[in-house]
Asker: 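Please find one structure pasted underneath; my questions will follow.
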2 protein chains.
Amino acid sequence: MVKKVVIIGGGAAGIDVLELLLRGKGDAEKMEITLLKKEREGFFSTCGLPFALQGRYSIKELNLFEPEFYRAQGIDFRTGTEVTSINLEEGYVHLDSGEDIRYDCLVIATGSKPFIPPIEGTNLEGVYTLSSREDGELLEAAMNAEETSNAFIIGAGWIGLQTAVAFSKKGIKTTVVGMFPYLLPSILDADMASIVKKWLDKDLAFMLGRRVDALRGEHRVKSVVVGSEEFPADIVLIAAGMRPTVDIAREAGIEMGESGGIVTDRALRVKKGKSYLANVYALGDCVEVIDAVTYRPRLSQLASTALIQARVVANKIRGISSSYSPCLSPTVATLSGLQIGSIGVITEVARRYGIAIKAGRAVKYTKARFFPERKLIIAKVLFEASTERLIGAQIIAEETVAERINELTLGIRAGITARDIWMRERCFDPSLTMVEDVIVDAALKAVGN
Amino acid sequence: MVKKVVIIGGGAAGIDVLELLLRGKGDAEKMEITLLKKEREGFFSTCGLPFALQGRYSIKELNLFEPEFYRAQGIDFRTGTEVTSINLEEGYVHLDSGEDIRYDCLVIATGSKPFIPPIEGTNLEGVYTLSSREDGELLEAAMNAEETSNAFIIGAGWIGLQTAVAFSKKGIKTTVVGMFPYLLPSILDADMASIVKKWLDKDLAFMLGRRVDALRGEHRVKSVVVGSEEFPADIVLIAAGMRPTVDIAREAGIEMGESGGIVTDRALRVKKGKSYLANVYALGDCVEVIDAVTYRPRLSQLASTALIQARVVANKIRGISSSYSPCLSPTVATLSGLQIGSIGVITEVARRYGIAIKAGRAVKYTKARFFPERKLIIAKVLFEASTERLIGAQIIAEETVAERINELTLGIRAGITARDIWMRERCFDPSLTMVEDVIVDAALKAVGN
């Protein structure tokens with residue numbers, strides 16, 4: 001019997017499931033796969049947009065695969081197609097075209113959309129978000145317009161800051177307004193964030209611990225109101241976080257969690273009433289995960305989270321046992337050449353969830369002291385006070401950050417302690433590492449020598 | 001009561017113990033510390049010598065601390081001093097000056113010396129080794145001599161290859177002769193080593209699977225004999241491995257292992273007769289370790305191994321519980337900008353010690369496919385066939401290798417399987433990583449999709 005699989009959403013999450021099913025198709029029972037997405041692209045990397053705006057490559061490079069690529073493999077890959085409702089009882093989805101598509105197995109990967117703060121003027125021309133190819137192209141055109149000389153960014157997270165760097169490279173006077181008193185508040189402690197701010201201060205203006213109260217202008221945005229002050233603005237980017245896109249799921253009676261994402265079990269099956277449905281999965285930006293340190297629900301809107309979830313979903317559809325674990329969300333990004341990474345909990349999250357910590361921070365080099373190309377590296381590590389187990393880390397340097405975050409992700413999973421960090425071998429070559437690593441120093445500072 | 005600590009040897013191992021004792025001195029009972037070393041320097045980084053020869057900095061930069069630095073901290077730091085014997089029964093060491101120095105606690109860190117193959121002509125002028133500041137200075141002078149146009153390197157390990165790169169940068173025609181049919185045979189499989197060879201082929205000549213039978217010349221070396229052929233050579237570097245320096249330990253009745261290194265227990269205490277001595281420790285290049293995958297004895301002559309051992313020895317001397325574990329010896333180095341790393345067992349070692357393996361190799365990029373600065377990365381992973389647990393990895397790329405080796409070191413320690421690698425989160429930023437990492441692909445190839 002042919003199994004009919006329907007995937008709603010063609011962002012990273014939906015496409016990952018599709019690709020894993022295609023790779024494994026030979027082994028599994030025959031399937032008929034339909035992917036339904038609103039956008040017109042095949043597989044487009046939105047993660048790559050900020051760098052395109054920074055001029056590292058053109059936006060069209062991010063079109064990784066055309067719809068035809070999937071169609072040629074027998075997939076019913078539909079773009080420009082919106083699902084307006086799901087009928088869980090009878091097992092079909094309803095399209096904006098009026099068509100119904102039956103499924104044996106449904107995958108909800110509806111993603112997320114930018115949160116628009118409830119202030120006056122967000123619908124003016126010149127006000128942008130950045131979460132799709134179309135957004136990117138509009139923003140790029142606005143950046144390149146001659147009359148653009150003042151930009152405001154609402155939000156001091158990754159997307160806001162990376163786009164701010166792009167604006168500033170274009171010579172646009174750029175101000176970042178953040179509600180928190182420091183940058184990247186969801187992944188950094190204040191002391192670490194201040195290092196990032198210092199790095200960016202030469203190129204960007206910041207208004208932190210403040211909020212935009214209104215956008216003003218006729219048709220086009222002209223100014224930004226912050227408290228009692230008004231500042232000229234030719235473009236405004238709203239980068240105040242992404243909200244799960246869950247309307248059709250909610251309307252179908254699927255349960256939402258306290259984070260606003262879809263609740264799932266360890267097989268990533270959605271919940272309706274008292275039970276998890278056997279044949280309906282959800283993954284990606286639209287689902288709620290369980291945090292691997294606090295064991296409380298939250299969102300993890302990362303392409304890397306979607307990929308791991310896709311492996312579970314694709315396996316389940318293929319009949320292979322698999323289950324999804326609490327989530328650590330290792331994250332890394334670059335800002336003007338500075339790499340910033342974070343894993344596990346930050347101090348504020350530990351406090352909020354009742355975890356007493358021992359924290360240590362150290363500054364060293366990425367290479368031997370005598371090596372001319374060495375760079376400074378700053379690491380902060382957090383241990384659970386009672387067990388001295390690693391539960392979080394933040395690292396800032398011009399190199400080696402991503403791989404260190406991956407190492408510490410594994411470390412948290414493996415339950416390593418400060419002492420394990422101290423007694424563990426690390427490779428040494430003076431052109432690549434220090435014999436005594438910054439992480440070791442930070443761990444020692446946390447728990448005492 | 002003041003405890004009298006005597007350290008024999010002032011390489012990385014001896015100095016590491018000294019520095020850890022100094023750092024912890026406040027907590028511990030009072031000590032009187034004497035360090036005895038033959039060389040004239042305080043703390044000199046021999047690991048940094050190949051890069052000095054490559055012109056990255058001058059040899060004198062590697063003089064990290066002068067003897068006065070330690071003397072000012074109350075250490076009896078004696079350079080140019082040779083220990084000629086150890087009296088374990090009465091607890092003193094005898095110096096070449098005739099003096100005896102009593103100890104309560106002895107640390108043997110006598111290091112290693114270059115192995116000189118038993119062939120004719122190794123004592124000719126123009127024949128060098130590279131394991132000390134003096135060696136480095138002599139070799140640098142020889143490299144820079146106008147008449148030097150042909151160099152031969154005996155040995156295709158790290159020291160041989162890194163020095164060969166230095167010679168070649170100077171415009172010297174350089175030939176590396178290696179007994180094994182491929183490069184770096186102690187840390188790479190043949191397939192991975194061939195990638196390194198291809199990278200170096202443009203600058204170096206290789207004679208692999210062959211051995212030098214004699215060095216010829218009057219006073220000064222003139223030629224190198226390999227089989228029936230004779231080649232002109234103005235300088236010859238012997239880099240055929242390092243042998244533990246254990247003469248005085250052996251003469252004192254301390255037991256040596258099958259690897260030629262000093263046998264120790266998990267407290268790194270030496271063995272005499274049937275028991276381990278309570279107050280005599282050994283560490284560094286002169287000791288034998290237990291391999292963490294094969295559980296058989298071997299050497300681990302790395303500065304990073306010495307550092308971990310020093311932590312155990314310094315703790316024990318300070319009365320803090322500590323024990324040394326079987327050793328993984330993560331290793332990394334650069335050759336002409338190519339980073340090569342290895343951890344755990346290679347295929348040949350697994351075979352030799354009866355471990356059936358599943359191996360997989362993959363080639364991907366270090367950054368997203370669409371990112372212009374991406375570099376190729378090649379990874380090979382080895383799993384124990386029966387458990388699919390990671391037991392070895394080899395990685396080659398122009399970036400990110402050292403940190404990946406550190407991650408996989410932790411992975412082997414934590415007992416991760418191929419499936420764990422597949423289902424584990426990794427951080428993603430297109431400018432720094434691929435969303436699906438090369439290690440994941442290699443693991444899947446090893447165990448099947």
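Every heavy atom of this structure was used, including side-chain atoms; hydrogens, water molecules and symmetry mates were not. Every chain is numbered from 1 and lettered A, B, ... according to where its sequence line falls, protein lines coming before strand lines.
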Asker: What option among A:P430, A:G411, A:P50, A:G415 has the most heavy-atom pairs under 4.5 Å with chain B?
Answerer: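 Looking at each option in turn, the highest pair count goes to A:P430.
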Asker: Under 4.5 Å heavy-atom distance to chain A, tell me which part of B:L64 shows up: side chain, backbone, both or neither.
Answerer: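 Just the side chain, heavy atoms under 4.5 Å.
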Asker: Select all residues of residues 391-402 of chain B having any heavy atom within less than 4.5 Å of some heavy atom of chain A, and report them by number, or 'none'.
Answerer: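 Heavy-atom contacts from residues 391-402 of chain B to chain A are B:T400, B:A402.
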Asker: For A:I405, which atoms come within 4.5 Å of any heavy atom of chain B: side chain, backbone, both, or neither?
Answerer: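 Side chain only.
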Asker: In terms of heavy-atom pairs under 4.5 Å, which option from B:V435, B:L410, B:T305 contacts chain A the most?
Answerer: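 Ranked by heavy-atom pairs under 4.5 Å with chain A, first place is B:L410.
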Asker: With a 4.5 angstrom heavy-atom cut-off, is it the side chain or the backbone of A:L307 that approaches chain B, or both, or neither?
Answerer: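 A:L307 touches chain B through side-chain heavy atoms alone.
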Asker: Is any side-chain heavy atom of A:R419 less than 4.5 Å from a side-chain heavy atom of B:S322?
Answerer: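 Side chain of A:R419 against side chain of B:S322, heavy atoms only: contact under 4.5 Å found.
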Asker: Give the minimum heavy-atom separation between B:S431 and A:T334, together with the two atoms involved.
Answerer: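 It is OG-OG1, 2.9 Å.
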Asker: Heavy-atom pairs under 4.5 Å with chain A - which of B:A306, B:C327, B:S325, B:A414 has more of them than the others?
Answerer: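 Most heavy-atom pairs under 4.5 Å with chain A: B:C327.
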Asker: Identify which part of A:S323 has an atom lying under 4.5 Å from any heavy atom of chain B, answering side chain, backbone, both or neither.
Answerer: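 Looking at A:S323, just its backbone touches chain B.
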Asker: Which bit of B:N63 is near chain A, if near means a heavy-atom gap under 4.5 Å: side chain, backbone, both or neither?
Answerer: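 Neither part; nothing is under 4.5 Å.
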Asker: Taking side chain as everything from C-beta outward and backbone as N, CA, C, O, which of these in B:S45 sits under 4.5 Å from a heavy atom of chain A? Side chain, backbone, both or neither.
Answerer: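 Just the side chain, heavy atoms under 4.5 Å.
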Asker: Would a distance-only check, ignoring hydrogens and angles, find a side-chain to backbone donor-acceptor pair under 3.5 Å from A:E403 to B:R404?
Answerer: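 The answer is no, because no donor-acceptor pair under 3.5 Å joins these two groups.
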Asker: Against chain B, work out which of A:L328, A:T433, A:T409, A:L302 has the most heavy-atom pairs shorter than 4.5 Å and name it.
Answerer: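 The option with the most such pairs is A:L328.
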Asker: Relative to chain B, which segment of A:E19 carries a heavy atom at a distance below 4.5 Å: side chain, backbone, both, or neither?
Answerer: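 When you check distances to chain B, no heavy atom of A:E19 falls under 4.5 Å.
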Asker: For B:N406 and A:C427, work out which heavy atoms get closest and say how close.
Answerer: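 Minimum heavy-atom contact is OD1-N, 2.9 Å.
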Asker: Pick whichever of B:E425, B:E61, B:E407 has the most heavy-atom pairs under 4.5 Å with chain A.
Answerer: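 The answer is B:E425.
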Asker: Just by modelled atom types, is the B:T331 backbone N or O under 3.5 Å from a matching donor or acceptor in the A:D429 side chain?
Answerer: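 Not at all, since once roles are kept as given, no pair shorter than 3.5 Å links the two residues.
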Asker: Enumerate by number any residue of residues 364-374 of chain A whose heavy atoms lie under 4.5 Å from heavy atoms of chain B; in the absence of such residues, state 'none'.
Answerer: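 Listed by number, the contacting residues are A:F370, A:F371, A:P372, A:E373.
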Asker: If you compare all heavy atoms of B:I308 against all heavy atoms of A:W422, which two are closest, and at what distance to 0.1 Å?
Answerer: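 For B:I308 versus A:W422, the nearest heavy atoms are CD1-O, 4.0 Å.
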Asker: With a 4.5 angstrom heavy-atom cut-off, is it the side chain or the backbone of A:L408 that approaches chain B, or both, or neither?
Answerer: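 When you check distances to chain B, no heavy atom of A:L408 falls under 4.5 Å.
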